[in-house]
Amino acid sequence: MSNTTTSYSGETFRARFGPWAVVAGGSDGIGAAFGEVLARRGLNVVLLARSESKLAAQAARLRAIEPEKPKAGGRVEIRTACVDLTHADVAERVADATTGLDVGLFVYNAGSGRNMGSFLDLPIENWTRQVDLACGGPLRLSHHFGRRLRDRGRGGLVLMSSMASLGGSAYIATYAAAKSFDTILGEGLWYELAPAGIDVVTCLAGATDTETFREDTGGSPHAMDPVEVAAGTLDFLGRGPLYVPGKANRAGARATWPLPRIPRLNMMSEINAKSFGLPFEARTGTEFGED
Ligand SMILES: NC(=O)c1ccc[n+]([C@@H]2O[C@H](COP(=O)([O-])OP(=O)(O)OC[C@H]3O[C@@H](n4cnc5c(N)ncnc54)[C@H](OP(=O)(O)O)[C@@H]3O)[C@@H](O)[C@H]2O)c1
């Protein structure tokens, strides 16, 4: 059984996941927090989003950050690219924006649709846009960056999912279904990409205090700090497939999915490996995080 539980910190983190990270949906909310934590850890960052002015403002904030560890060349380099992640040519656009950069970490953050409500009363475009953003984007860009990371022999992929992915729900039926795509995709890639030296983690966030969350729900005093969510997710790289930030959220995930995920993932991977004549080796890891 191969043990894939590893922790990366300081120079080890930068050597494995640097020198460049790309954050899709990096101009506000949890994506902005990923950029902030990565810049503090001394990684150069490319931020992707639609609004040029929001990107420019966030890039200026990140450029002012003093990395925690002294870094050759001083402060980190920050680039931005205006990209709509729902478009079918997103991988080509992002490839152009990151040509020549040694990318060691890709974070797909954007995913909230701002389209909760009655499935039948809202137009179909609301739901197809949600699927394009939360399924098409991560699929296309995980494939693109997965190949680049495989070529360099090390790196990380982070997908942002949600506690909503744990099951269906009225009024967020499409959001929950799209997020379950991310959870299941990330879980499978955690297994499949490990031999290529790629650590994959999917974060199942609960309520987190972002602009989108406040606009969608009016906010909550129990919402988590986006920086805590981003830092916890990055710290979980190499330790298991699914990370759930927050003790109460982890209790909810364990109650919803009482069957441990990693043994189930090994069992399914072994069955499929046999059917397709592909290699299988059981893996170990941490379930959701430690309390
Ligand atoms: N906040 C929560 O309570 C919560 C809870 C569970 C899970 N999550 C998950 O965590 C992730 C981040 O959530 P969040 O609350 O920070 O807000 P979000 O609205 O998912 O992300 C905002 C970021 O994504 C960009 N973005 C949105 N649509 C885009 C598009 N079509 N193309 C390119 N960029 C786009 C935004 O910039 P532009 O608008 O300028 O493009 C901004 O940078 C999501 O995947 C969400 O499902 C959040």
Open item on the list: Holding to ring-ring contact (aromatic ring centres under 6.0 Å, His included), I want the full list of residues that pass it with F288, two or more places apart in sequence or in another chain.
Closed with: none
Task: Residue pairs fulfilling salt bridge (Lys or Arg N to Asp or Glu O under 4.0 Å) with at least one residue in residues 169-192, sequence neighbours excluded - done: K179-D182, E187-R261
Task: Residue pair S112 / T212, side-chain donor-acceptor N/O under 3.5 Å - done: no
- [ ] Answer with yes or no whether the side chains of S165 and S180 bring together a donor and an acceptor at under 3.5 Å.
- [x] no
Task: Pairs meeting criterion salt bridge (Lys or Arg N to Asp or Glu O under 4.0 Å) with involvement of residues 132-143, two or more places apart - done: none
TODO: With sequence neighbours left out, write down each residue that passes side-chain hydrogen bond (donor to acceptor under 3.5 Å, both in side chains) with S51, or none if nothing qualifies.
DONE: S53
Task: Those residues that, when tested against F17, pass ring-ring contact (aromatic ring centres under 6.0 Å, His included) (two or more places apart) - done: Y8, F13
- [ ] Could you tell me which residues satisfy salt bridge (Lys or Arg N to Asp or Glu O under 4.0 Å) with E287, sequence neighbours excluded, listed by chain and number?
- [x] none
TODO: Would you kindly say whether S220 and R214 are connected by a side-chain donor-acceptor distance under 3.5 Å?
DONE: no
Open item on the list: Taking side-chain contact (heavy atoms from CB on, under 4.5 Å) as the criterion, tell me which of T233, L105, V227 meets it with F34.
Closed with: T233
Task: Listed partners of E66 passing salt bridge (Lys or Arg N to Asp or Glu O under 4.0 Å), at least two apart - done: R75
Task: Residue list, side-chain hydrogen bond (donor to acceptor under 3.5 Å, both in side chains) with R61, at least two apart or on another chain - done: Q58
Task: Pairs involving residues 128-160, ordered by first then second residue, that meet ring-ring contact (aromatic ring centres under 6.0 Å, His included) (sequence neighbours left out) - done: F106-F145
- [ ] Name all pairs fulfilling the salt bridge (Lys or Arg N to Asp or Glu O under 4.0 Å) condition that reach into residues 149-166, sequence neighbours left out, sorted by first residue then second.
- [x] D102-R152
Open item on the list: Test: side-chain hydrogen bond (donor to acceptor under 3.5 Å, both in side chains). Region: residues 242-259. Which pairs qualify, not counting sequence neighbours?
Closed with: R250-D291, R254-D291
- [ ] Find out whether L47 and V45 are in side-chain contact, i.e. whether some heavy atom of one side chain is under 4.5 Å from a heavy atom of the other.
- [x] yes
Task: Results of ring-ring contact (aromatic ring centres under 6.0 Å, His included) for Y108 - residues two or more places apart only - done: none
Task: side-chain hydrogen bond (donor to acceptor under 3.5 Å, both in side chains) between T98 and R148, worked out - done: CA-CA 11 Å; T98 58; R148 284 170 69 162; 2.8 Å; yes
